[in-house]
Trainee: 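Dropping the structure in here first, questions after.
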Amino acid sequence: MPADTEFDLILVGGGLANSLIAWRLAVARPDLRVAVVEREGRLGGRHTWSFFDGDVSDADRVWLTPAIAHRWADGYEVHFPNRSRVLRTPYNSLTAERLDAAVRPLLGDRLIAAEAVDLSPTTVRLADQRTLTARGVVDARGPGPSPELQLGWQVFLGRTLRLEAPHGLTRPTIMDATVAQHGAYRFVYLLPFDAHTVLVEDTYYADGPALDREALRRRIDAYALSRGWRVAAVVEEEEGILPIALDGDMDAFWSAGAPGVARAGLAAALFHPTTGYSLPDAVETAALVAASPSLDGAALRGLLETRSRDLWRRRGFYRLLDRMLFRAAEPEARWRVLERFYGLPEGLVRRFYAGRSTVLDKARILAGKPPVPIRKALRELRETGESQTP
């Protein structure tokens, strides 16, 4: 247990966002004393984060290389009832194990295994009654209850399987939506790590955040059996409940939480509204913090709140699509929206995932007869800016 309680910056939560901030600061500003408070004492938890080459700059991908466990240069596949396609954009996966190995040595005893119970812009009180102080504090402990936002959910459970025989996959399958839908937009996500090892993730775009682990495990087992795969061992298991943004009141969102405390990651609504992907935003946030002339609590709060609000404003188009997906499409038919989307040009798909859709891209996505009832689609065109509560 470190004796020091005074730092330049304290990052509360050791997930992706704060791990990348700590990493970037250690490289760019090694003179700073940056501490990470993480209840589990391990960075990244048990997660795999994936991204397309177009999601981050070439320079950032090079920076992330030590934490990238797998790269598929020949692209990925998608499968729907009426369409299968190979897209050639390279795909990368970063693992919590590799992230921890890259960042932990840079922190040393400034990775503090403790639970934070109270935050201010310059202090963190721990469950053991110690109080840590710093010029600034950043809270990135993930998405807590957010009644200020209207959300759908991406719910998933993944199992890394070691198979008795080669699986035969040559590239990732980002979506296999040929499976039974079970009252949501369901697809299976596959990452082949080596000839015998594959991550099989059962994923749902669902109206609620419930995760039935046993049901998803059974469905993963059934999917593996349907592919003719015999499982020798389950190597690891991970799960997630990611927010999908439909609408919301950002004034109320930023008024909630610990007064004046800077937030990052999902706690700051820094994620792609449609995919739930947070890695590209986390990379940009780390660069933003590292370049900030001031790490004082008030300056960090202003910096990250401004970034969050700006991206929320710029990403209204994606929330429109989410409202159509969740409110205009019947749950069992949501796959039709994605099947149609994957018939569009690959460059458009790449820019969509990167959150950089052009005006022409947006027009192309909305052109033609929508794969949802037109009357319902028209009702969702206007964003209200309202929260989930009266």
Side-chain angles (χ1 to χ4, degrees), residues 4 6-38 43-44 49 51 53 55-68 92 94 96 98-112 116 119 121-122 124 132-142 254 260-272 277-311 314 354-356:
D4 292 345
E6 296 183 3
F7 305 94
D8 292 300
L9 178 66
I10 301 172
L11 305 171
V12 183
L16 179 67
N18 272 348
S19 293
L20 294 187
I21 292 172
W23 190 359
R24 192 85 180 211
L25 284 170
V27 173
R29 302 169 70 174
D31 55 306
L32 296 177
R33 289 182 51 76
V34 178
V36 176
V37 177
E38 166 51 45
L43 297 173
W49 298 274
F51 63 98
D53 269 14
D55 293 348
V56 301
S57 70
D58 290 343
D60 282 332
R61 184 161 55 81
V62 170
W63 165 56
L64 291 170
T65 294
I68 296 174
N92 310 267
L94 178 153
R98 294 283 290 267
L99 180 65
D100 184 77
V103 182
R104 176 187 291 270
L106 302 175
L107 291 169
D109 65 1
R110 287 177 282 113
L111 174 57
I112 301 170
L119 309 185
T122 58
V124 177
L132 312 180
T133 62
R135 290 155 53 193
V137 172
V138 176
D139 185 5
R141 288 176 292 178
W254 275 99
V261 174
R263 306 203 305 251
L266 297 179
L270 290 171
F271 59 91
H272 191 297
Y277 281 21
S278 61
L279 186 141
D281 283 352
V283 169
E284 292 185 1
T285 298
L288 191 67
V289 172
S292 175
S294 174
L295 297 181
D296 291 348
L300 286 171
R301 168 67 179 230
L303 182 74
L304 296 176
E305 180 176 345
T306 297
R307 176 66 174 167
S308 169
R309 288 176 177 273
D310 180 54
L311 288 178
R314 287 160 47 188
R356 302 189 188 101

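Just so you know, these numbers come straight off a predicted model, no measurement behind them.
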Trainee: Just by modelled atom types, is the Leu32 backbone N or O under 3.5 Å from a matching donor or acceptor in the Asp8 side chain?
Mentor: no

Trainee: Please tabulate, one pair per line, all N/O donor-acceptor pairs under 3.5 Å involving side-chain atoms of residues 282-290, not counting sequence neighbours.
Mentor:
unit_1: Glu284; atom_1: OE1; unit_2: Arg307; atom_2: NH2; d: 2.1
unit_1: Thr285; atom_1: OG1; unit_2: Asp281; atom_2: O; d: 2.8

Trainee: Would you please name every residue forming a side chain to side chain donor-acceptor pair (under 3.5 Å) with Asp55, sequence neighbours left out?
Mentor: none

Trainee: Looking only at atom types and distance, does a side-chain atom of Ser19 sit under 3.5 Å from a main-chain N or O of Gly14, one as donor and one as acceptor?
Mentor: yes

Trainee: Measure across Ala264 and Val138 and return the closest heavy-atom pair with its distance rounded to 0.1 Å.
Mentor: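 Nearest pair, atom of Ala264 first, then Val138: CB-CG1, 3.7 Å.
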
Trainee: Sort and list the pairs that fulfil salt bridge (charged side-chain N to carboxylate O under 4.0 Å, His left out) and have at least one residue in residues 16-32, not counting sequence neighbours.
Mentor: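 Only Arg24-Asp60 qualify under salt bridge (charged side-chain N to carboxylate O under 4.0 Å, His left out).
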
Trainee: Please check: side-chain N/O of Thr122 versus main-chain N/O of Arg135, any donor-acceptor pairing under 3.5 Å?
Mentor: no

Trainee: Taking the side chain from Thr65 and the backbone from Val62, do they hold a donor-acceptor pair closer than 3.5 Å?
Mentor: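 Side chain of Thr65 to backbone of Val62: a pair is present.
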
Trainee: Do the side chain of Arg98 and the main chain of Pro66 share a donor and acceptor less than 3.5 angstrom apart?
Mentor: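 Yes; at least one donor-acceptor contact below 3.5 Å.
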
Trainee: Between Arg301 (side chain) and Val261 (backbone), is there a donor-acceptor pair under 3.5 Å?
Mentor: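 A pair under 3.5 Å: yes.
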
Trainee: Side chains of Asp58 and Trp63: closer than 4.5 Å at any heavy-atom pair?
Mentor: no

Trainee: Tell me if a side-chain donor or acceptor on Thr306 pairs with a main-chain N or O of Gly302 at a distance below 3.5 Å.
Mentor: yes

